[in-house]
Amino acid sequence: MNLTFYPGPSQLYPQVEGYLQDAYSSGILSMNHRSTAFMDMMAQTIAGLHEKLNIPLDYEVYFTSSATECWEIISQSLVEKSSLHAFNGAFGAKWFEYAQRLHPAFGHEFEFNTLLDVEASEHFAKSELLCLTHNETSNGTALSYQSLKHTRKNFAGLIAVDATSSMAGVVLPWEMGDVWFASVQKCFGLPPGLGVLIVSPRAIEKAKAIGERNHYNSLLFVRDNFQKNQTPYTPNTLAIYLLGRVMQQVPPIELVDDEIVKRAEDLYAFFHDEGFEVLVDKPSVRSHTVMALRGAEGWINALREKALENGVLLGKGYGTWKNTSLRIANFPALTDSDLSRLKKIMESQNPA
Ligand SMILES: *Cc1c(COP(=O)(O)O)cnc(C)c1O
């Protein structure tokens, strides 16, 4: 296997091989995480994220071990009474489930072929925290800019957005959320083992008002450390270094977004022309970074098998559609020629 379309862990940027070597020879991997060398390196990585992803300067960036840890940090440090979760797939559902273990939480499940309609929830008006999944990796849907904007306008509390499979792939409307987070093994084209947590001034105010400091990863304690360019625990120095290098390498997110959207449109047109069935019928809710196709189990297995024979890994289905769908990542580390290779394989296994 030398090419993967799995939506995480995903295809790495080919430059990562050299960065790994550089990390080793630079000596940074043996540096104490309170040393100047480490603190400077981490500050550069964070500056690179602000610059390339166009994150507002007053939104603070922290590192965690994963997106899953971010779910927990949000529950611990930003919820006084309860949270409200709107979701249409397995990742949003899992977040809701984890939150319920820590405090009361309300779920608003919506059909994945419809737009976000969380105002319909009886809890909408009085909720302190709304949890959204920007890109539902399990079924290939994404929340539109209009949906986020509309929700922001009408919701009084904080909004937390899981953007694990879209951050660094498409432009995110940062002001429409107070907490955004992702893991680097999706659109960042990096190996797994690091989460990125981004918080607005409003989220920090709320964390201060709650004052929760009971955990090693309490938001305020994480913040105290990051304000000194340090981390609460010995961090994944290699991953932070690699992320910094990738941020130097990538173009500004507007340009990445143009490319990803263009490629997604091309792929969806290809699926349509060739008779492949996209899991999501409604074009306006389809993701640009993760695509899901629906089909009979036999055909899906045959296509995955055929791809493997050609050194290409396709993503399995997830959750409800585990056996009757397959998923294809359209992440920035993949190239046009990778996509041509995918199309050739798919053409030979046309379901029609
Ligand atoms: C992959 C993914 C996660 C989990 O990421 P981890 O790195 O395993 O914590 C959470 N949410 C979404 C939307 C994802 O795609």
Side-chain angles (χ1 to χ4, degrees), residues 4-12 62-76 83 85-102 105 107 109-110 112 116 130-144 147-148 159-170 172 177 179-198 217 222 235-236 238-240 242-243 246 260 279-280 285-292 313-322 325-333:
T4 175
F5 287 90
Y6 229 100
S10 58
Q11 186 75 15
L12 305 184
Y62 315 135
F63 299 124
T64 64
S65 62
S66 65
T68 302
E69 189 190 353
C70 296
W71 289 343
E72 185 151 308
I73 291 173
I74 292 165
S75 275
Q76 280 171 184
S83 54
H85 298 249
F87 57 90
N88 69 8
F91 283 98
K94 201 185 267 186
W95 184 4
F96 173 46
E97 184 201 317
Y98 285 10
Q100 278 175 294
R101 296 183 200 174
L102 298 173
E109 190 162 5
F110 61 105
F112 69 88
L116 176 68
L130 173 61
C131 300
L132 303 175
T133 304
H134 179 253
N135 201 77
E136 181 46 79
T137 321
S138 68
N139 58 23
T141 57
L143 299 178
S144 69
S147 283
L148 286 166
I159 297 182
V161 193
D162 180 343
T164 302
S165 55
S166 52
M167 189 186 292
V170 295
L172 294 175
V179 183
W180 294 83
F181 57 92
S183 288
V184 298
Q185 76 274 17
K186 312 262 167 108
C187 288
F188 288 93
L190 284 164
L194 190 72
V196 179
L197 176 62
I198 299 168
N217 58 1
V222 170
N236 188 340
L238 175 59
I240 296 170
L242 295 176
L243 176 58
V246 162
I260 291 296
L279 183 62
V280 188
V285 300
R286 285 180 184 167
S287 163
H288 291 127
T289 53
V290 180
M291 296 159 190
L313 184 65
L314 300 179
K316 283 190 176 145
Y318 195 96
T320 319
W321 305 277
K322 194 170 171 48
S325 73
L326 63 85
R327 293 173 304 147
I328 296 170
N330 176 32
F331 292 163

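Just so you know, ligand 1 is whichever comes first in the structure, and atom 1 is the first atom listed for that ligand. Keep in mind that this is a model prediction, so the values were computed, not measured. These values consider heavy atoms only, across backbone and side chains, with no hydrogens, waters or symmetry-generated copies.
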Given F110, F112, F96, the one that forms ring-ring contact (aromatic ring centres under 6.0 Å, His included) with F87:
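When F110, F112, F96 are each tested with F87, the ring-ring contact (aromatic ring centres under 6.0 Å, His included) holds only for F96.
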Name the atoms and distances for all side-chain donor-acceptor pairs under 3.5 Å in residues 63-70, with sequence neighbours left out.
| from | atom 1 | to | atom 2 | distance (Å) |
| --- | --- | --- | --- | --- |
| T64 | OG1 | S66 | N | 3.4 |
| T64 | OG1 | S66 | O | 3.0 |
| S65 | OG | E69 | OE1 | 2.7 |
| S66 | OG | T68 | N | 3.4 |
| S66 | OG | E69 | N | 3.1 |
| E69 | OE1 | S65 | N | 2.7 |
| E69 | OE2 | Y216 | OH | 3.4 |
| E69 | OE2 | N217 | ND2 | 3.0 |

Can you spot which of [options] makes a side-chain contact (heavy atoms from CB on, under 4.5 Å) with [X]?
| X | options | answer |
| --- | --- | --- |
| S287 | N135, N330, V280 | N135 |
| V179 | L197, I159, I73 | L197 |
| H134 | D162, T164, V170, T289 | V170 |

Closest protein heavy atom to [atom], given as residue, atom name and distance to 0.1 Å:
| atom | result |
| --- | --- |
| atom 9 (O) of ligand 1 | T68 OG1, 2.6 Å |
| atom 11 (N) of ligand 1 | D162 OD2, 2.7 Å |
| atom 7 (O) of ligand 1 | S183 OG, 2.6 Å |
| atom 14 (C) of ligand 1 | K186 NZ, 3.0 Å |

Go through ligand 1 atom by atom and flag the ones less than 4.0 Å from a non-hydrogen atom of N135.
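The atoms of ligand 1 under 4.0 Å from a heavy atom of N135 are 13 (C).
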Which of the atoms in ligand 1, numbered in the order shown and given with their element, are less than 4.0 Å from a heavy-atom of T137?
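With T137 as reference, the close atoms of ligand 1 come out as 12 (C), 13 (C), 14 (C), 15 (O).
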Is there a side-chain contact between L148 and L132, using heavy atoms and a 4.5 Å cut-off?
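Yes; the side chains approach each other to less than 4.5 Å.
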Would you say T133 has any N or O atom under 3.5 Å from an N or O of ligand 1, going by distance alone?
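No, T133 has no N/O under 3.5 Å of an N/O on ligand 1.
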Contact check: A67 vs ligand 1, nitrogen or oxygen atoms, below 3.5 angstrom:
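Such a contact does occur with ligand 1.
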Where's the contact between K94 and ligand 1, heavy-atom distance under 4.0 Å: side chain, backbone, both or neither?
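No part of K94 is near ligand 1 at this cut-off.
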Check whether NZ of the Lys or CZ of the Arg K94 lies under 6.0 Å from the centre of the six-membered ring of Y318 and within 45 degrees of that ring's axis.
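Judged by the rule (NZ or CZ under 6.0 Å from the ring centre, within 45° of its axis), K94 is not positioned above Y318.
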Heavy atom of W71 under 4.0 Å from ligand 1?
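Under 4.0 Å: yes for W71.
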